[in-house]
**Q** 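Let me give you the structure first, and then I'll get to my questions.
Side-chain atoms are counted along with the backbone in the values below, which use heavy atoms only and exclude waters and symmetry mates.
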Amino acid sequence: MNTNEAVSVSPVALEPLMDVAELANYLGIPISTVYDWRVHGKGPAAYRFGKHLKFAISDVRAWMAQQREPSVLPSATDRR
């Protein structure tokens with residue numbers, strides 16, 4: 001391919017990806033916590049590109065939704 005040729009780009013854009021530091025910063029947690037989650041099979045799904053981990057924003061959002069605690073705890077009267 002000639003280096004002067006334009007590369008054809010699909011009209012469908014790729015989803016932005018975060019690296020480990022960006023994910024940790026976004027969640028307000030230490031980077032080491034992201035790595036701990038990986039070791040224990042927790043945390044959002046990641047893509048590996050060589051030695052680099054990348055997280056799709058949609059995967060992070062889906063994982064966050066799964067982590068949500070119930071907004072209302074059962075009251076004492078509901079336990080009868």
Side-chain angles (χ1 to χ4, degrees):
M1 179 168 107
N2 185 337
T3 56
N4 293 331
E5 291 179 27
V7 176
S8 176
V9 178
S10 169
V12 178
L14 293 175
E15 179 178 9
L17 302 174
M18 293 184 189
D19 64 21
V20 173
E22 291 169 324
L23 177 63
N25 185 49
Y26 179 73
L27 297 175
I29 60 172
I31 292 172
S32 61
T33 300
V34 176
Y35 287 114
D36 286 345
W37 287 344
R38 299 270 309 155
V39 169
H40 295 98
K42 301 177 182 180
Y47 295 97
R48 179 173 292 282
F49 300 102
K51 65 179 183 176
H52 303 282
L53 290 175
K54 298 290 184 173
F55 300 86
I57 292 173
S58 62
D59 290 339
V60 172
R61 287 183 178 146
W63 174 81
M64 287 175 61
Q66 294 171 350
Q67 305 312 304
R68 185 177 299 226
E69 293 185 351
S71 58
V72 178
L73 296 175
S75 67
T77 58
D78 292 341
R79 295 183 188 164
R80 290 190 231 180

**Q** Would one find more than 12 heavy atoms of other residues, nucleotides or ligands at under 6.0 Å from atom CZ of Arg68?
**A** no

**Q** Side-chain donor-acceptor pairs under 3.5 Å in residues 51-61, sequence neighbours left out?
**A**
residue	atom	partner	partner atom	Å
Ser58	OG	Glu15	OE1	3.1
Ser58	OG	Glu15	OE2	2.8

**Q** With a 3.5 Å cut-off and sequence neighbours excluded, list the donor-acceptor pairs that the side chains of residues 20-39 form with protein atoms.
**A**
residue	atom	partner	partner atom	Å
Glu22	OE1	Asp19	N	2.8

**Q** Which other residues end up in the same hydrophobic cluster as Tyr47, if Ile, Leu, Val, Met, Phe, Trp and Tyr are linked when side-chain heavy atoms come under 4.5 Å apart?
**A**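 Besides Tyr47, the hydrophobic cluster comprises Leu17, Phe49, listed by chain and residue number.
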
